[in-house]
Amino acid sequence: MRTYELMTIHRPELAEAEARRESKVLERFLTEEGASVSDIDFWGKRRLAYEIDKAVEGYYTVLTFEGESNHVDRLNRALSLSDSVLRHKIIRPDIRPARRGNRPE
């Protein structure tokens with residue numbers, strides 16, 4: 001299993017309790033799929049760097065979990081279809097992108 005981080009931005013129209021509930025739904029989804037969730041960090045309502053679907057703020061959550069690539073695929077599909085999620089991003093924190101312009105010696 002590999003470690004992943006999921007960041008979601010939920011719509012600002014939700015109440016804070018609803019946004020927290022959505023995070024718990026994601027945790028339950030992953031657990032039922034066989035992944036293990038190690039941490040949920042609810043950041044609360046924050047201003048967006050740029051406007052998304054006419055929204056200028058949203059509820060940020062970072063969820064850390066261990067799973068397989070099929071868990072990521074199912075999660076990505078579910079989040080893409082969700083009406084309450086403005087944006088989401090799934091990364092592997094142990095993988096760092098290569099710097100541009102630097103060649104190995």
Salt bridge flag under 4.0 Å for residues Lys24 and Glu27: yes
Side chain to side chain, Leu30 and Leu63, heavy atoms closer than 4.5 Å: yes
If you define the side chain from C-beta out and look only at heavy atoms, does anything of Ile9 sit under 4.5 Å from Leu48? yes
Inspect the contact between Glu32 and Arg28 and indicate whether a charged nitrogen and a carboxylate oxygen are less than 4.0 angstrom apart. no
With side-chain contact (heavy atoms from CB on, under 4.5 Å) as the test, would you mind laying out the steps for Arg87 and Ile52 before giving the verdict? CA-CA 8 Å; Arg87 285 284 191 275; Ile52 303 172; 3.4 Å; yes
Are Thr61 and Ser23 linked by a side-chain donor-acceptor pair shorter than 3.5 Å? yes
From Arg47, Lys45, Arg11, residue fulfilling salt bridge (charged side-chain N to carboxylate O under 4.0 Å, His left out) relative to Glu57: Lys45
Residue list, side-chain hydrogen bond (donor to acceptor under 3.5 Å, both in side chains) with Thr31, at least two apart or on another chain: none
Measure the shortest side-chain to side-chain distance between Thr8 and His10 over non-hydrogen atoms and say whether it is less than 4.5 angstrom. yes
Would you call Val62 and Trp43 a side-chain contact if the rule is heavy atoms closer than 4.5 Å? yes
Flag the pair Asn76 / Ile90 as yes when at least one side-chain heavy-atom distance between them is below 4.5 Å, and no otherwise. yes
For side-chain contact (heavy atoms from CB on, under 4.5 Å), just list the numbers for Leu75 and Phe65, CA-CA rounded to whole Å, side-chain angles, deciding distance to a tenth of an Å, and then say yes or no. CA-CA 12 Å; Leu75 181 62; Phe65 68 97; 4.0 Å; yes
Quick check on Arg2: does its CZ atom have over 12 non-hydrogen neighbours (other residues, nucleotides or ligands) under 6.0 Å away? no
Beyond-backbone contact of Val37 with Thr64, side-chain heavy atoms, under 4.5 angstrom: no
